[in-house]
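In what follows, a structure is listed as structure tokens, so that the remarks can point back to it.
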Number of protein chains: 2
Amino acid sequence: MKKKYTRTELKAELEAAGIRASVQRIAILGFMRENPIHPTADVVYEALRDEIGSLSLTTVYNTLKLLVDHGLVSMLTIDDTFRCFDGNVDMHAHFMCRGCKSIYDIEVPEEVKCMLKGLDDFKVDEVQLYIKGYCKNCK
Amino acid sequence: MKKKYTRTELKAELEAAGIRASVQRIAILGFMRENPIHPTADVVYEALRDEIGSLSLTTVYNTLKLLVDHGLVSMLTIDDTFRCFDGNVDMHAHFMCRGCKSIYDIEVPEEVKCMLKGLDDFKVDEVQLYIKGYCKNCK
DNA sequence: TTCATTTCTGAAATCATTGCAAATTTAAAA
DNA sequence: TTTTAAATTTGCAATGATTTCAGAAATGAA
């Protein structure tokens, strides 16, 4: 199920968003697209240092912020102790288990989407639905 | 519309939650109940230092955490740059304006609440629905 | 190639939050 | 009321994830 993205596809996506493609940006976007694991900046950094020896953690932070600002990636603040990122920007909810800290993707019920469409007075550009509790294994 | 809570009511509420009442805890819970402004710990601290000269910021942090752990207050992480608190623990959504940073409360239909609490495989104990964009004044 | 611009890097700085030990307060017993 | 032990609060120092900064490197245009 894990789709492999080509350098060309990623470059095109960056440029379509108005971002210049660099080796680091292509690698980071590619990692986010191919790994639906809600990684922290540090996880991305550790995963890519083999591939790009010169990569610095600062670049990962900067690049993720850039991707978030251009809507290519989203940032999750479901847990207040760490910040993580999601390469899937289609609307979906997140469930975090208080036991094992795993983050699961959840379908958003149609009713919620309807409710959000009916928000007069606001111009909505981002929705995060965070649900917490215990997963099957931990409850 | 702003309801005034008595010391006795607040004390009873703390004790019902299994928390000993202290001058600081009563003041902080009272502030949260009476001011639906989604304050940060620092805002609570600044607001109460006149009333309680000896109050320390550490106590505000500790007490808010205690109240959150006992379900009397909830913590919002809608903006990744600051953490704020909400004295209204009934389920409702939050809209944050990217322009003026105001946080607005949004009603959530009853069906949606039920649906979110009833996720198979998960035992849900908290739901946060964060919406971002621009408010009427800023868009 | 050269130049101008953008991007990347590593180290240092920031700052909200937490940890800790001492001081204070509380509540119940005597 | 006084004593006593436990709980709470305080102030300050430490923490650590994140951000900033200035120089170095890479890129693209001419």
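The chains referred to below are lettered A, B, ... by the order of the sequence lines, with proteins before strands, and numbering in each begins at 1.
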Distances for protein N/O vs nucleotides 18-28 of chain C N/O pairs under 3.5 angstrom?
residue	atom	partner	partner atom	Å
C:dG19	O6	B:T58	OG1	3.3

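Sorted by first then second residue, the side-chain hydrogen bond (donor to acceptor under 3.5 Å, both in side chains) pairs that include residues 101-112 of chain B, not counting sequence neighbours, are B:H38-B:D105, B:H92-B:D105, B:H94-B:D105. For residues 10-29 of chain A, every residue pair satisfying the salt bridge (Lys or Arg N to Asp or Glu O under 4.0 Å) rule, not counting sequence neighbours, is listed here: A:E13-A:R33.
Atom-to-atom, CG of A:L55 to C1' of D:dA26 comes out at 15 Å; the value is rounded to the nearest Å. Between A:D79 atom CG and D:dT18 atom P the separation is 11 Å, expressed in whole Å. In this structure, the CZ atom of A:R49 is 10 Å from the P atom of C:dG10, given to the nearest Å. Rounded to a whole Å, the CE atom of A:M75 is 16 Å from the P atom of D:dA17. Here D:dT18 presents its P atom at 17 Å from CZ of B:F82, a figure rounded to the nearest Å. Rounded to an integer number of Å, the gap from CG of A:L67 to P of C:dC8 is 10 Å. Atom CD1 of A:I26 is separated from atom P of C:dT7 by 13 Å (rounded to the nearest Å). In this structure, A:Y45 places its OH atom 10 Å from C1' of C:dT9, rounding to the nearest Å.
Within the 4.0 angstrom heavy-atom criterion, only backbone atoms of the sugar-phosphate kind lie near B:S54; the bases stay farther away. Contacts of B:T40 with the nucleic acid, taken as non-hydrogen atoms under 4.0 Å apart, are absent.
Looking only at side-chain heavy atoms (C-beta outward), B:V60 and B:Q24 stay at 4.5 Å or farther from each other.
Checking D:dG11, C:dC8, D:dT8 against the side-chain heavy atoms of A:T63 singles out C:dC8 as nearest.
Of the residues A:V89, A:L64, A:I37, the one that meets the side-chain contact (heavy atoms from CB on, under 4.5 Å) test with A:M32 is A:L64.
Ring centroids of B:Y134 and A:F122 are separated by 6.0 Å or more, keeping the two rings apart.
Side-chain nitrogen and oxygen atoms of A:Q24 include none within less than 4.0 Å of the OP1 or OP2 phosphate oxygen of D:dA26.
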Test log, rule side chain to side chain donor-acceptor pair (under 3.5 Å), inputs A:T81 and A:D79: CA-CA 5 Å; A:T81 66; A:D79 189 298; 2.5 Å; yes

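Between B:D80 and A:R83 there is a salt bridge, since a side-chain N of the basic residue sits under 4.0 Å from a carboxylate O of the acidic one.
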